[in-house]
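Residues take their numbers from the sequence shown, with the count starting at 1. Computed from a predicted structure; not experimentally measured.
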Amino acid sequence: MKGTVGTRILGRSIIKHIPGNCMIRTGVGQDYIILEDNIRKDDSDQVLAAAYGYSSKGRLAMIRANNNLVLSGAVPDRILVGIVAGKNCPEQTIRDEMNDIVKSARDRGILVLGGNTVFSGEGNGISINVTAFGNTDCNIIKQLTQKISAGCRIFAIGYAGEYGASIIYKYKTEDLGKRFSKSYIKKESFGTGFCEKDMDISPIVRCLIDSKACYIHDITFGGIYRALYEISEAAGLGIDIIHERIPIRQSTIEVCEFYGINPYMLLGTGGVLAVVSPENENVMKSALESSGAVYSMIGELTKESGKIIRSEKYEMNRALTMYEEDEIYKVIPDIEEEQPYSID
């Protein structure tokens with residue numbers, strides 16, 4: 001299966017073999033690591049955090065790395081870049097991607113430290129891996145790594161599957177034009193307004209940290225269902241989610257119904273899930289209202305081990321399972337890159 005490796009393989013063949021030599025160990029639902037053996041006692045001290053991002057587009061690889069890093073409260077200030085290209089990949093492709101990375105990094109005040117570039121395998125494809133570094137406060141890490149208890153609320157920020165829907169529209173405009181009128185497509189947007197700035201989660205993450213979130217997880221491959229599964233695994237608790245509360249655009253539902261795919265398992269870059277204690281629920285609601293973000297309190301963590309999505313209106317009660325493959329590959333099997341429909 002294409003895309004990010006499935007949860008089963010990730011657990012048994014990757015994470016299982018990584019020694020726990022960092023304060024935050026790599027694991028399902030953990031987006032960054034802290035490069036310190038222990039958190040210092042003095043809360044004014046800072047620690048170094050690192051996070052990773054992948055894409056066949058340099059700019060998007062950096063966005064993903066930065067998004068994962070900001071979940072620690074760090075501001076990215078350095079990156080390493082690794083490029084693996086097929087032996088037939090044109091030098092111009094490598095040059096263009098590297099120029100794009102450097103320009104994007106410069107615009108964000110990020111230093112490119114270096115990296116490694118190799119030719120490997122057949123074809124002309126390219127894989128770009130970015131590792132981002134930044135400092136974060138010890139007290140923020142303590143806040144974000146505290147033990148999560150049953151009853152903690154789960155907030156969803158951003159529309160489910162919107163990024164994936166925008167890609168499908170980009171690649172399948174002609175198909176969708178056979179089903180939907182031009183006026184309806186224009187009215188519903190069909191994800192065409194989704195652009196690079198919508199992928200940057202750093203502003204909303206800062207709002208969530210200030211609102212006493214005790215865990216934050218971004219949404220990418222596998223959509224909001226995968227992210228919810230990983231939150232449950234990371235917390236060692238079950239989840240109880242109300243289906244109707246998950247924010248989603250009608251246009252995303254329409255596109256997914258046309259292709260027979262699940263919008264809640266569709267690429268969701270730009271979306272975020274946050275966990276907060278019951279006593280801080282209203283603090284978070286107030287902050288998110290003030291920020292103008294699209295959000296909803298969609299459920300909570302439970303003592304029971306089940307990962308349940310249920311409906312208060314319809315006969316629906318399903319258990320989440322391990323992620324295997326993003327729904328986008330059912331529509332566009334040979335997609336090389338999940339490029340946004342438009343970039344400002």
- [ ] Could you walk me through whether I246 and Y159 pass the side-chain contact (heavy atoms from CB on, under 4.5 Å) test, one step at a time?
- [x] CA-CA 8 Å; I246 299 175; Y159 292 111; over 6 Å; no
[X] and [Y] ion-paired at < 4.0 Å:
{"X": "K87", "Y": "E122", "answer": "yes"}
{"X": "D175", "Y": "R179", "answer": "no"}
{"X": "K285", "Y": "E289", "answer": "no"}
{"X": "E233", "Y": "K307", "answer": "yes"}

Are more than 12 heavy atoms from other residues, nucleotides or ligands located less than 6.0 Å from atom [atom1] of [X]?
{"X": "K172", "atom1": "NZ", "answer": "yes"}
{"X": "E279", "atom1": "CD", "answer": "yes"}
{"X": "E91", "atom1": "CD", "answer": "no"}

- [ ] Would you please test K57 and E97 for salt bridge (charged side-chain N to carboxylate O under 4.0 Å, His left out) and show each step?
- [x] CA-CA 7 Å; K57 295 292 183 183; E97 292 302 332; 3.8 Å; yes
Please check if [X] and [Y] belong to a single hydrophobic cluster, counting links between Ile, Leu, Val, Met, Phe, Trp and Tyr side chain heavy atoms closer than 4.5 Å.
{"X": "L69", "Y": "L35", "value": "no"}
{"X": "I242", "Y": "Y295", "value": "no"}
{"X": "I332", "Y": "Y259", "value": "yes"}
{"X": "L60", "Y": "Y171", "value": "yes"}
{"X": "L80", "Y": "I33", "value": "yes"}

Exercise: identify the closest heavy-atom pair between [X] and [Y]:
{"X": "I154", "Y": "L228", "result": "CG2-CD2, 4.0 Å"}
{"X": "P247", "Y": "I298", "result": "CD-CG2, 4.3 Å"}
{"X": "Y264", "Y": "A160", "result": "CD2-CB, 4.2 Å"}
{"X": "I239", "Y": "T302", "result": "N-OG1, 3.7 Å"}
{"X": "A49", "Y": "I34", "result": "CB-CD1, 3.8 Å"}
{"X": "L273", "Y": "A227", "result": "CD1-CB, 3.5 Å"}

Should [X] and [Y] count as side-chain neighbours, where that means a heavy-atom distance under 4.5 Å?
{"X": "I126", "Y": "V84", "result": "no"}
{"X": "L237", "Y": "S232", "result": "no"}
{"X": "K178", "Y": "F258", "result": "no"}
{"X": "L111", "Y": "L113", "result": "yes"}
{"X": "I241", "Y": "L320", "result": "no"}
{"X": "I141", "Y": "Y32", "result": "yes"}
{"X": "M284", "Y": "I157", "result": "no"}
{"X": "L267", "Y": "F221", "result": "yes"}

Tell me if a side-chain donor or acceptor on [X] pairs with a main-chain N or O of [Y] at a distance below 3.5 Å.
{"X": "S291", "Y": "A293", "result": "yes"}
{"X": "T173", "Y": "Y169", "result": "yes"}
{"X": "T269", "Y": "T220", "result": "no"}
{"X": "R206", "Y": "G73", "result": "yes"}
{"X": "D100", "Y": "G58", "result": "no"}
{"X": "D326", "Y": "G222", "result": "yes"}
{"X": "T252", "Y": "I248", "result": "no"}
{"X": "R310", "Y": "I308", "result": "no"}
{"X": "S286", "Y": "V283", "result": "no"}
{"X": "T131", "Y": "I79", "result": "no"}

Task: Sole candidate of D31, N68, N129 that passes side chain to side chain donor-acceptor pair (under 3.5 Å) when paired with Y52 - done: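 Exactly one option meets the side chain to side chain donor-acceptor pair (under 3.5 Å) with Y52, and it is N129.
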- [ ] Would you sort out whether I128 and I101 count as a side-chain contact (heavy atoms from CB on, under 4.5 Å), showing the intermediate values?
- [x] CA-CA 10 Å; I128 301 171; I101 291 170; 3.9 Å; yes
Roughly how far apart are [X] [atom1] and [Y] [atom2], rounded to 0.5 Å?
{"X": "E230", "Y": "I219", "atom1": "CD", "atom2": "CD1", "value": "10.5 Å"}
{"X": "R153", "Y": "E281", "atom1": "CZ", "atom2": "CD", "value": "5.0 Å"}
{"X": "I148", "Y": "C214", "atom1": "CD1", "atom2": "SG", "value": "5.0 Å"}
{"X": "K212", "Y": "S277", "atom1": "NZ", "atom2": "OG", "value": "10.0 Å"}
{"X": "E300", "Y": "M297", "atom1": "CD", "atom2": "CE", "value": "7.0 Å"}
{"X": "R226", "Y": "L266", "atom1": "CZ", "atom2": "CG", "value": "13.5 Å"}

TODO: Check V276, L301, I231 against C152 for a side chain to side chain contact (heavy atoms under 4.5 Å, CB included) and give me the one that passes.
DONE: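 The residue from V276, L301, I231 that satisfies side chain to side chain contact (heavy atoms under 4.5 Å, CB included) with C152 turns out to be L301.
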TODO: Begin from the C-alpha positions of Q46 and T136 and carry the test side-chain hydrogen bond (donor to acceptor under 3.5 Å, both in side chains) through to its verdict.
DONE: CA-CA 5 Å; Q46 292 193 323; T136 185; over 6 Å; no
Open item on the list: Under a 3.5 Å cutoff, is there a donor and acceptor pairing between the side chains of Q143 and N139?
Closed with: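 Short answer, no.
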Task: Any donor-acceptor N or O pair under 3.5 Å, side chains D107, S104 - done: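 There is no such pair (donor and acceptor under 3.5 Å, judged by atom type) between the side chains of D107 and S104.
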Open item on the list: Once salt bridge (Lys or Arg N to Asp or Glu O under 4.0 Å) is applied, do any residues pair with K330, and if so which ones, sequence neighbours excluded?
Closed with: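 Listed in chain order: E327.
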Open item on the list: Using the rule given for side-chain contact (heavy atoms from CB on, under 4.5 Å), can you reason through V272 versus L208, listing the C-alpha separation, both sets of side-chain angles and the distance that settles it, and then say yes or no?
Closed with: CA-CA 10 Å; V272 182; L208 297 172; 3.8 Å; yes
- [ ] Could you walk me through whether I201 and I204 pass side-chain contact (heavy atoms from CB on, under 4.5 Å), step by step?
- [x] CA-CA 6 Å; I201 64 173; I204 199 64; 4.2 Å; yes
- [ ] Tell me whether the centres of the aromatic rings in Y314 and H243 are closer together than 6.0 Å.
- [x]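 No.
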Task: Full working for side-chain hydrogen bond (donor to acceptor under 3.5 Å, both in side chains) between D96 and T93 - done: CA-CA 5 Å; D96 290 345; T93 298; 5.9 Å; no
TODO: Apply side chain to side chain donor-acceptor pair (under 3.5 Å) to S202 and list each qualifying residue two or more places apart in sequence or on a separate chain.
DONE: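 Counting only residues at least two positions away or on another chain, S202 forms a side chain to side chain donor-acceptor pair (under 3.5 Å) with D200.
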